[in-house]
Amino acid sequence: LDLNGTELVLDVDGDTSITSDTDDQIDFKTGGSDRVIIDSSGKVLLGTSQQRGHMTLQIEGDGSASTSQGSIFLRRGLSTSSIGGNTGADLGLIQFGDNDGGIYAKIEAKSDATAANNDYPGRLQFFTTADGASSPTERMRIDNGGNVLIGTTDNNPNNNSADSTA
């Protein structure tokens with residue numbers, strides 16, 4: 001650990017550090033390369049040092065490899081064996097709301113049948129909040145069979161005519 005001017009060096013060879021060598025910006029480096037940048041406006045850049053467009057978080061993959069896209073991986077803190085037969089176990093959640101805590105819409109990922117080694121049945125649920133309501137209601141679901149359900153959670157067409165399956 002060495003404090004070197006505008007740089008906090010974190011390893012022996014000096015290529016892992018936290019720097020502030022650009023005015024009002026913090027760079028986190030590993031292997032001598034910027035990995036995370038927080039700029040003066042609070043924007044966070046991962047995998048790039050160049051902001052593109054208007055966003056708060058920008059993630060870019062390695063441009064030298066055709067399969068290295070920017071990605072976000074939400075993981076639950078349970079193993080497959082722990083989720084097991086827990087159909088409906090929460091796996092990930094993206095919420096859209098305001099700074100007062102109101103939730104206008106959300107997307108949830110859940111287990112959709114018994115999980116096992118190399119068997120990960122999942123579903124996506126899409127929610128919106130109606131005018132005059134204070135919490136989101138499920139509006140659409142894509143289940144583990146690829147069925148797209150709109151206005152219902154039952155993929156049996158004999159039970160509900162509001163289904164739309166794909």
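Quick note: numbers below take in every heavy atom, side chains included, and nothing from hydrogens, waters or symmetry partners.
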Using residues 81-98 as the side-chain source, report each donor-acceptor pair under 3.5 Å to any protein atom, sequence neighbours left out, with the distance given to one decimal.
unit_1	atom_1	unit_2	atom_2	d
S81	OG	S79	OG	3.0
S82	OG	S79	OG	3.2
D90	OD1	K110	NZ	2.8
D98	OD1	D100	N	3.0
D98	OD1	G101	N	3.2
D98	OD1	G102	N	2.9
D98	OD2	Y104	OH	2.8

Taken in chain and number order and not counting sequence neighbours, the residues that satisfy side chain to side chain contact (heavy atoms under 4.5 Å, CB included) with L46 are V36, V44, L57, I59
Quick note, salt bridge (charged side-chain N to carboxylate O under 4.0 Å, His left out) partners involving residues 36-51, not counting sequence neighbours, are none
Rounding to 0.5 Å, atoms NZ (K106) and OG (S135) come to a distance of 8.0 Å
dist R35:CZ -> F28:CZ (nearest 0.5 Å) comes out at 14.0 Å
task: State yes or no: do I103 and I107 share one hydrophobic cluster built from I, L, V, M, F, W and Y residues joined by side-chain heavy-atom distances below 4.5 Å, directly or via other members?
output: no
**Item:** Cluster overlap I142 with L74, hydrophobic side-chain contacts below 4.5 Å
**Value:** yes
Sequence neighbours excluded, the answer for salt bridge (Lys or Arg N to Asp or Glu O under 4.0 Å) partners of D112 is R123
Contacts of S17 meeting side chain to side chain donor-acceptor pair (under 3.5 Å) (sequence neighbours excluded), chain-then-number -> E7
Contacts of A113 meeting side chain to side chain contact (heavy atoms under 4.5 Å, CB included) (sequence neighbours excluded), chain-then-number -> P121, N144
| query | Can you find a side-chain donor-acceptor pair between Q125 and E108 that sits under 3.5 Å? | reply | no
Apart from Y120 itself, its cluster of hydrophobic side chains linked below 4.5 Å comprises none
Between the CZ atom in R141 and the CZ atom in F126, the distance rounded to the nearest 0.5 Å is 11.5 Å
Correct closest heavy-atom pair for L124 and A109 would be CD2-CB, 3.9 Å
Contacts of D34 meeting salt bridge (Lys or Arg N to Asp or Glu O under 4.0 Å) (sequence neighbours excluded), chain-then-number -> K29
_So I26 and I18, do their side chains get closer than 4.5 Å, heavy atoms only?_
yes
Could you give me the CA-CA distance, side-chain angles and deciding distance for T153 and E138, then say whether side chain to side chain contact (heavy atoms under 4.5 Å, CB included) is met? CA-CA 8 Å; T153 59; E138 184 176 353; 3.5 Å; yes
With sequence neighbours left out, the residues meeting side chain to side chain donor-acceptor pair (under 3.5 Å) with T16 are D11
Evaluate the side chain to side chain contact (heavy atoms under 4.5 Å, CB included) criterion for residues T19 and L8: first the C-alpha distance (whole Å), next the side-chain angles of each, then the deciding distance (0.1 Å), finally the verdict. CA-CA 6 Å; T19 67; L8 177 62; over 6 Å; no
Across all chains, not counting sequence neighbours, the side chain to side chain donor-acceptor pair (under 3.5 Å) partners of R139 are T128
Cluster membership besides L45, Ile/Leu/Val/Met/Phe/Trp/Tyr side chains within less than 4.5 angstrom, sorted by chain and number, is I37
Those residues at least two apart in sequence (or on a different chain) that pass side chain to side chain contact (heavy atoms under 4.5 Å, CB included) with T114 are none
